[in-house]
Amino acid sequence: MSQFWKPGTEKPRLLDDEEGGVLFFAPSFSSSSSRFGYSSIEKQRQRLPVYKYRTAILYLVETHATTIIVGETGSGKTTQIPQYLKEAGWADGGRVIACTQPRRLAVQAVASRVAEEMGVKLGEEVGYTIRFEDVTNTGVTMVKFLTDGVLLREMMDDPLLTKYSVIMVDEAHERSISTDILLGLLKKIQRRRPELRLIISSATIEAKSMSQFFQNSKKHRGIEGEVVGPITEPAILSVEGRGFSVQIHYVEEPVSNYIQSAVSTVLLIHDQERMGDILVFLTGQDDIDAAVKLLSEEVQNRGRNSSGLIVLPLYSGLPRAEQDLVFTPTARGKRKVVISTNIAETSLTLEGVVYVVDSGFSKQRFYNPISDIENLVVAPISKASARQRAGRAGRVRPGKCYRLYTEEYFNNEMSAEGIPEIQRSNLVSCVIQLKALGIDNILGFDWPASPSPEAMVRALEVLYSLGVLDDDAKLTSPTGFQVAEIPLDPMISKMILSSSHLGCTEEIITIAAVLSIQSIWASGWGAQKELDEAKLRFAAAEGDHVTFLNVYKGFLQSSKLSQWCHKNYVNYHAMKKVIEIREQLRRTAQRLGIVLKSCETDMLVVRKAITAGFFANACRLEAFSHNGKYKTIRGSQEVHIHPSSVLFRVNPKWVIYYSLVSTDRQYMRNVISIEPSWLREAAPHFYHQQRPNPMLH
DNA sequence: GAGCACTGC
């Protein structure tokens with residue numbers, strides 16, 4: 001351990017940033033210890049770029065309340081920094097070092113890697129917590145990986161996160177809602193717990209604005225007026241990555257059709273470049289299927305060695321077996337082309353990619369607080385995204401990235417960073433989470449990026465109408481606190497609470513579990529007709545929610561067999577997840593003192609419970625409408641029933657939807673028929689006093 | 001007649 005800074009010894013070399021204010025460390029080039037007996041794992045660890053900064057990182061963390069680490073992928077920061085901290089004693093005395101990730105898979109992968117490097121059993125000194133899985137051992141676990149969502153939940157029991165000595169927030173540049181809420185809360189905690197250290201790890205140079213955010217005006221002064229405790233001004237440290245260089249190519253002229261252009265580019269690479277897989281970024285399933293078809297046709301038409309090119313689509317809606325195809329290593333003499341959504345930008349890593357084709361677009365969510373509708377639109381990506389995409393070409397050897405936009409466009413028109421998710425989303429869940437943590441002045445909360453006041457007001461309005469907040473915008477008791485406790489969208493939580501009075505909680509928690517996963521149906525190539533037919537076997541006249549109950553019943557009766565799922569075009573993995581989520585909800589309900597009762601065959605109460613949570617999503621069929629045109633009661637928006645719904649073409653007069661998807665039209669997904677009188681029953685102030693609505697009469 | 005990506009005691 002030659003590179004070990006100890007408090008009280010001479011501090012490591014540092015350089016002043018020419019712009020002042022922040023610190024950059026020059027890597028110290030002293031050779032690593034030649035002491036023999038290092039395992040190969042130890043040597044591997046020392047070869048990581050971050051190793052050179054070990055001393056510097058420990059020094060900064062010791063002396064600064066917040067350290068911001070900018071590092072590209074492959075620097076080793078995620079696996080190494082928690083170990084350095086542990087080695088330096090930050091986990092002594094029963095304290096815990098936490099490292100958060102936005103995604104569960106990453107949490108599991110990093111935790112098991114670190115356990116392996118430390119030569120310990122996962123769940124002992126090194127552990128992880130994600131939803132449904134707590135692989136830690138209290139009193140033993142020193143380094144804990146967890147999703148930022150889990151850490152937020154932990155704050156409900158322990159608002160100051162007292163057991164943690166250091167909290168490292170990884171992938172902060174992704175700016176997920178959870179990360180942003182967490183950053184705001186951690187800043188607050190820091191004022192109460194000066195001994196707590198934060199490490200914010202980000203892949204982009206946005207560090208400066210992050211640093212400004214953590215700039216704490218209040219210094220902790222002792223009696224003599226001298227500053228005690230750590231320096232409150234954040235330190236910034238850059239760590240280089242270990243990716244190979246990627247040559248960037250731009251188009252000379254803007255392209256009019258990026259699908260066609262992507263296909264031509266792939267063919268050009270295949271003809272002219274040496275072996276290596278190609279990754280193409282398009283926006284969604286439509287684009288991708290079209291490109292796959294086009295490319296396959298071109299290959300055949302031109303009589304190329306079609307055996308040499310393997311074309312594979314990749315998006316989240318793809319069945320697992322097909323998704324797994326992209327991970328099979330490419331055979332000798334063949335070249336794999338993966339045409340993907342954003343899923344390959346952060347969530348999945350494909351080995352063997354040497355060429356990237358970047359359309360410059362992705363589908364992004366936008367929220368309109370006026371209409372209260374979340375839209376999915378194709379929008380230009382940011383420079384940060386473009387760099388991330390390009391980086392995917394440099395994992396195995398130097399690569400090339402072909403951008404289907406001009407260099408001028410990249411330099412002058414592309415925005416540096418994407419818009420944080422919190423500014424593009426409905427804030428209902430986010431507001432109730434803060435309320436539950438005792439943050440009453442939501443508008444005055446110190447956000448890394450402020451959401452729009454309109455979106456805030458809209459969220460407060462919905463929560464008020466759900467009976468979750470009172471006239472003073474405080475959580476109601478018990479409803480508000482109970483809704484906050486249930487780890488689901490507040491409208492679903494409210495539906496569950498109402499089911500308790502209506503005597504149908506068993507049914508409603510099944511529905512809640514199904515609604516919180518993507519889809520219980522098996523999707524597949526060319527099996528659309530069979531799937532539709534299978535659906536008819538379960539279809540309920542009341543709508544999709546009751547249909548889900550039928551599927552769940554069938555699954556239980558089959559003893560949860562995968563064969564049964566296969567035969568009925570039901571997704572087996574999805575159903576297992578439903579069982580898991582349902583089990584969690586059952587436990588939560590019991591803890592809240594809700595009596596679990598079944599209504600057997602009485603679907604009327606089930607529909608009423610759904611109405612109690614989702615009255616705001618009520619719609620009425622337009623009079624004399626022949627094409628199934630509905631209008632929302634709240635905003636008079638034109639909407640249609642999604643073709644995947646069992647009520648498609650049935651078109652009951654009054655319906656409630658679970659969610660809207662927007663393409664060229666607004667489609668209601670997961671729809672149930674209701675009676676209009678239930679609306680006023682469920683939310684009198686919403687449909688009567690507050691908003692007199694002639695449509696209800 | 002059609003689905004960006006994540007996530008939660």
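The basis for the numbers below is simple: all heavy atoms, side chains too, and nothing from hydrogens, waters or symmetry mates. Residue numbering restarts at 1 for every chain, and letters A, B, ... go by the order of the sequence lines.
Few gaps surround NZ on A/Lys363; more than 12 heavy atoms of other groups in view lie less than 6.0 Å from it. Atom NZ of A/Lys577 sits in a sparse spot, with 12 or fewer heavy atoms from other residues, nucleotides or ligands closer than 6.0 Å. Applying the 6.0 Å contact sphere to CD of A/Glu133 captures more than 12 heavy atoms from other residues, nucleotides or ligands.
Of the listed nucleotides (B/dA5, B/dA2, B/dG8), B/dA2 has the atom at the smallest distance from the side chain of A/Pro643. Of the listed nucleotides (B/dA2, B/dA5, B/dG8), B/dA2 has the atom at the smallest distance from the side chain of A/Ser644. Residue A/Ser347 places its side chain closer to B/dA5 than to any other of B/dA2, B/dC4, B/dA5. Closest approach to the A/Asp286 side chain among B/dT7, B/dG3, B/dA5 is made by B/dG3 (side chain taken as heavy atoms from C-beta onward). When distances are taken from the side chain of A/Thr341 to each of B/dG1, B/dA2, B/dC4, the shortest belongs to B/dC4. Listed nucleotides: B/dG8, B/dT7, B/dA2. Nearest to the side chain of A/Arg103: B/dT7. For A/Arg591, the listed nucleotide lying nearest its side chain is B/dC9; candidates were B/dC4, B/dC9, B/dT7. For A/Tyr667, counting side-chain heavy atoms from C-beta on, the closest listed nucleotide (B/dG3, B/dC9, B/dC6) is B/dG3. Nearest to the side-chain atoms of A/Arg131 among the listed nucleotides B/dG1, B/dG8, B/dA5 stands B/dG8.
The residue A/Gln518 sits apart from the nucleic acid: no heavy atom pair falls under 4.0 Å. Among the heavy atoms of the strands, none lies under 4.0 Å from A/Ile486. A/Gln285 comes within contact range of at least one nucleobase, with a heavy-atom separation under 4.0 Å. Within 4.0 Å of A/Ser176, counting heavy atoms only, lies no atom of the nucleic acid at all. Using a 4.0 Å heavy-atom cutoff across all strands shown, A/Val661 reaches no nucleic acid atom at all.
One can place CD of A/Glu580 at 13 Å from P of B/dT7, the figure rounded to the nearest angstrom. The interatomic distance linking A/Ile288 (CD1) with B/dC4 (P) rounds to 8 Å, in whole Å. Taking atom NZ on A/Lys363 and atom P on B/dA2, their separation rounds to 12 Å, with Å as the unit. For A/Leu152 and B/dG8, the CG to P distance is 11 Å, given to the nearest whole Å. In this structure, A/Arg365 atom CZ and B/dC6 atom P are separated by 12 Å, rounded to whole Å. Between the CD atom of A/Glu374 and the C1' atom of B/dA5 there is a distance of 13 Å, given to the nearest Å. Residue A/Met155 contributes atom CE, which lies 17 Å from atom P of B/dG8 at whole-angstrom precision. Rounded to whole Å, atom C1' of B/dA5 lies 16 Å from atom CD of A/Gln101.
Using modelled atom types, one finds a donor on one side chain and an acceptor on the other under 3.5 Å when comparing A/Gln364 with A/Ser362. A donor atom on one side chain and an acceptor atom on the other are found under 3.5 Å apart for A/Tyr405 and A/Asp358.
Side chain A/Asp532 to base B/dG1: a donor-acceptor pair is found below 3.5 Å.
The distance from the CG atom of A/Asp286 to the OH atom of A/Tyr315 is 9.0 Å, given to the nearest 0.5 Å.
A salt bridge links A/Glu174 with A/Arg103: the distance from a Lys NZ or Arg NE/NH1/NH2 to an Asp or Glu carboxylate oxygen falls below 4.0 Å.
The shortest distance between the side-chain N/O atoms of A/Ser362 and the OP1/OP2 oxygens of B/dC4 is not below 4.0 Å. Within the structure, a side-chain polar atom (N or O) of A/Arg104 is placed less than 4.0 Å from OP1 or OP2 of B/dG8.
Nearest-nucleotide assignment on DNA chain B puts the 5′-proximal partner with A/Glu421, out of A/Met156 and A/Glu421. Remark on DNA chain B: of its neighbouring residues A/Ser316 and A/Gln433, the 5'-side contact belongs to A/Ser316, judged by nearest-heavy-atom nucleotide.
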